[in-house]
Amino acid sequence: MSDPSEEPTSQERELEPNETREQQENSSMDEYQQLKQKLFVFTLVITAVVFVSVWFYYSLNIALNYLIGACTGVVYLRMLARDVERLGNQKQSLSKGRLAMFIGLIIVATQWDQLQVMPIFLGFLTYKAALLVYVLQTTLLPDSK
């Protein structure tokens, strides 16, 4: 560690003898909470930008279909984050209920004439775009945590 103001990495934390396992777990949970918050913010920003763009270039109906999918994606991401938090303490594996919500939405979209499957599906994938933005940010700009 050349700069004392830098936060130690997880590997460096394991080497510090004065730090207890509980402090390491709390630090890891803090990092996880920051990651979760960044992903939600990225998802919401991307959703807003794409919603306005689709409304401008296509129509309000298609933009609203996209927004339905994006909102479902945000709920999916929140449910996934909650499952990950419980993993280890209370559960041994992740639940599959999140996927049922998405499948139900696609079934409703195929049956209801006002809904269009493609914008809903692409809206749902918005959280994946947020993951890509986060990975690119941490890879290309590692100091901007």
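Just so it is clear, the structure is predicted and the values come from calculations on it, not from any experiment.
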J.: Linking I/L/V/M/F/W/Y whenever any side-chain heavy atoms sit under 4.5 Å apart, do L141 and V41 land together?
T.: no
J.: Quick check: closest heavy atoms across K36 and A81, and the distance to 0.1 Å?
T.: CD-CB, 3.5 Å
J.: Would W112 end up clustered with I106 when hydrophobic side chains under 4.5 Å apart are linked, directly or stepwise?
T.: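 Yes, W112 and I106 fall within the same hydrophobic cluster.
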J.: So how far is it from I120 CD1 to I62 CD1, rounded to the nearest 0.5 Å?
T.: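 Spacing of CD1 (I120) from CD1 (I62) equals 11.5 Å.
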J.: With distance as the sole test, does N65 use its side chain to make a donor-acceptor pair with the main-chain N or O of P119 at under 3.5 Å?
T.: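 A pair under 3.5 Å: no.
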J.: How far does CE of M79 sit from CZ of R82, to the nearest 0.5 angstrom?
T.: 6.5 Å
J.: Over all heavy atoms of both residues, which pair between T110 and I107 is shortest? Give the atoms and the distance, please.
T.: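 Result for this residue pair: OG1-O, 2.7 Å.
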J.: Take atom CD of Q37 as the centre, draw a 6.0 Å sphere, and report whether it contains more than 12 heavy atoms from other residues, nucleotides or ligands.
T.: no
J.: Any chain of hydrophobic side-chain contacts (each under 4.5 Å) joining L122 to L44?
T.: no
J.: If you round to the nearest 0.5 Å, how far is CG of L99 from CG of L80?
T.: 11.5 Å
J.: I need the L125 CG to Y66 OH distance, nearest 0.5 Å.
T.: 9.5 Å
J.: Using 30° and 60° as the class boundaries, would you call the ring planes of F124 and Y76 parallel, tilted or perpendicular?
T.: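 Rings of F124 and Y76: perpendicular, as their planes differ by over 60°.
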J.: To check you understand the geometry: which heavy-atom pair defines the closest contact between V135 and T138, and what is its length?
T.: O-OG1, 3.1 Å
J.: More than 12 non-hydrogen atoms from neighbouring residues, nucleotides or ligands closer than 6.0 Å to OH on Y32, yes or no?
T.: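 Yes, OH of Y32 has more than 12 neighbouring heavy atoms, counting only those of other groups under 6.0 Å.
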J.: Quick one: list whatever passes side chain to side chain donor-acceptor pair (under 3.5 Å) with Y127, sequence neighbours left out.
T.: none
J.: How close do F40 and V74 get, heavy atom to heavy atom, and via which atoms?
T.: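 So the two residues come closest at CE2-O, 4.1 Å.
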J.: Out of curiosity, does V50 fall in the hydrophobic cluster containing Y134 (side-chain heavy atoms, cut-off under 4.5 Å, transitive links)?
T.: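 Y134 and V50: one cluster.
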J.: Side chains of R78 and R98: closer than 4.5 Å at any heavy-atom pair?
T.: no
J.: Side chain to side chain donor-acceptor pair (under 3.5 Å) with Q111: which residues, sequence neighbours excluded?
T.: none
J.: Nearest heavy-atom pair of I68 and T72: which atoms, and what distance?
T.: O-OG1, 2.9 Å
J.: Membership question, hydrophobic clusters at under 4.5 Å side-chain separation (ILVMFWY): are F42 and V49 in the same one?
T.: no
J.: Grab the two heavy atoms, one from G69 and one from L105, that are nearest each other, plus how far apart they are.
T.: CA-CD2, 4.4 Å
J.: Less than 4.5 Å apart, side chain to side chain, heavy atoms only: is that true for F51 and L64?
T.: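 In short, these two side chains touch, coming nearer than 4.5 Å.
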J.: Within a radius of less than 6.0 Å around CE of M101, do more than 12 heavy atoms belonging to other residues, nucleotides or ligands occur?
T.: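 Yes, the 6.0 Å shell around CE holds more than 12 heavy atoms from other groups.
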J.: Just verifying a value: how many Å separate N61 CG and W55 CH2, rounded to the nearest 0.5 Å?
T.: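 So the gap between those two atoms works out to 12.0 Å.
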